Asks: 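Would you mind keeping the following structure in view while I ask a few things?
All values reported here derive from a predicted model rather than from experimental measurement. Numbers here are sequence positions counted from 1.
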Amino acid sequence: MLAALPGPVIMALFGFWLFKTLLFDLVDEVWLDGNHLVVKCRDESSRIDLANVINVNASAMTNPPRITLTLRTESPRLGKAVAFIPAGRSGLFALFKPNPVASDLIERIDTLRGRPA
């Protein structure tokens, strides 16, 4: 009986690590409100100015796709990065196209910075 214990324990630790890496840092909802993002995480809403976003990282080869926004100044509730799963896209060939939500965010942020997209 004791010999069968290490397998499930290792699987449980690997599962916890996988969930911590891929899912635990996700926020619940993200909306675009003009030049601000409204982020809902655990029944608390925060507003993030798009000018505060310094990087938009859209993962292409993960399922579901993720977008991670790196912030210039750390948010007290959310930290230095905001990760979420964008709505929309599905299908095999969607992996080979740029994420439209990430592309729109990048264009809006560049416009705010005074650079053409």
Asks: Just to verify, what does E74 make a side-chain hydrogen bond (donor to acceptor under 3.5 Å, both in side chains) with, not counting sequence neighbours?
Replies: none
Asks: Linking Ile, Leu, Val, Met, Phe, Trp and Tyr by side-chain heavy atoms under 4.5 Å, what else ends up with M11?
Replies: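 When side chains under 4.5 Å apart are linked, M11 ends up in no cluster with other residues.
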Asks: Provide the closest heavy-atom pair for L71 versus S75 in the form atom of the first, atom of the second, distance.
Replies: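 Residues L71 and S75, closest heavy atoms: CD1-CB, 4.2 Å.
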Asks: Taking side chain as C-beta onward, heavy atoms only, is L69 less than 4.5 Å from L37?
Replies: yes
Asks: Do the side chains of V53 and L105 get nearer than 4.5 Å, heavy atoms only?
Replies: no
Asks: Going by side-chain contact (heavy atoms from CB on, under 4.5 Å), name the residues that satisfy it together with I10, two or more places apart in sequence or in a different chain.
Replies: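 I10: no side-chain contact (heavy atoms from CB on, under 4.5 Å) contacts found.
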Asks: Restricting to side-chain contact (heavy atoms from CB on, under 4.5 Å), what partner residues turn up for D28, sequence neighbours left out?
Replies: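 For D28 there are no side-chain contact (heavy atoms from CB on, under 4.5 Å) partners, ignoring immediate neighbours.
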Asks: Restricting to side-chain hydrogen bond (donor to acceptor under 3.5 Å, both in side chains), what partner residues turn up for N35, sequence neighbours left out?
Replies: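 None.
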Asks: Can you hop from V39 to I54 via hydrophobic side chains spaced under 4.5 Å?
Replies: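 Different clusters.
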Asks: Linking I/L/V/M/F/W/Y whenever any side-chain heavy atoms sit under 4.5 Å apart, do V30 and L112 land together?
Replies: yes
Asks: How would you list, by chain and number, every residue that makes a side-chain contact (heavy atoms from CB on, under 4.5 Å) with L26, sequence neighbours excluded?
Replies: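 L26 satisfies side-chain contact (heavy atoms from CB on, under 4.5 Å) with L23, R66, A83, I85 once adjacent residues are dropped.
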Asks: How long is the span from the CD1 atom in I109 to the CG atom in D49, to the nearest 0.5 Å?
Replies: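 The CG atom of D49 is 9.5 Å from CD1 of I109, to the nearest 0.5 Å.
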Asks: Working to the nearest 0.5 angstrom, can you tell me the gap between F24 CZ and L18 CG?
Replies: 10.0 Å
Asks: The criterion is side-chain contact (heavy atoms from CB on, under 4.5 Å); which residues satisfy it with A102, sequence neighbours excluded?
Replies: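 For A102, the residues satisfying side-chain contact (heavy atoms from CB on, under 4.5 Å) (neighbours in sequence not counted) are V56, A58, I67, N99.
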Asks: What pairs with D33 under side-chain hydrogen bond (donor to acceptor under 3.5 Å, both in side chains), at least two apart in sequence or on another chain?
Replies: R47
Asks: Say you draw a straight line from CD of E29 to SG of C41; how long is it, rounded to the nearest 0.5 Å?
Replies: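 One gets 10.5 Å once the value is rounded to the nearest 0.5 Å.
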Asks: Could you list the residues that satisfy salt bridge (Lys or Arg N to Asp or Glu O under 4.0 Å) with R72, not counting sequence neighbours?
Replies: none
Asks: If I take atom CG from residue L50 and atom NE2 from residue H36, how far apart are they, to the nearest 0.5 angstrom?
Replies: 8.0 Å
Asks: I need the minimum non-hydrogen distance between A81 and T68, along with the two atoms involved.
Replies: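 That would be CB-CG2, 4.2 Å.
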Asks: Compare all side-chain heavy atoms of N57 with those of T70 and state whether any distance is below 4.5 angstrom.
Replies: no
Asks: With sequence neighbours left out, what residues match F14 under ring-ring contact (aromatic ring centres under 6.0 Å, His included)?
Replies: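 Here the qualifying residues are W17.
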Asks: List, by chain and number, the other hydrophobic cluster members for V38, where Ile, Leu, Val, Met, Phe, Trp and Tyr join if side-chain heavy atoms come within less than 4.5 Å, directly or indirectly.
Replies: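 Via sub-4.5 Å side-chain contacts, V38 links to W31.
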Asks: Output all residues satisfying side-chain hydrogen bond (donor to acceptor under 3.5 Å, both in side chains) with D104, sequence neighbours left out; order by chain, then residue number.
Replies: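 D104 satisfies side-chain hydrogen bond (donor to acceptor under 3.5 Å, both in side chains) with R108 only.
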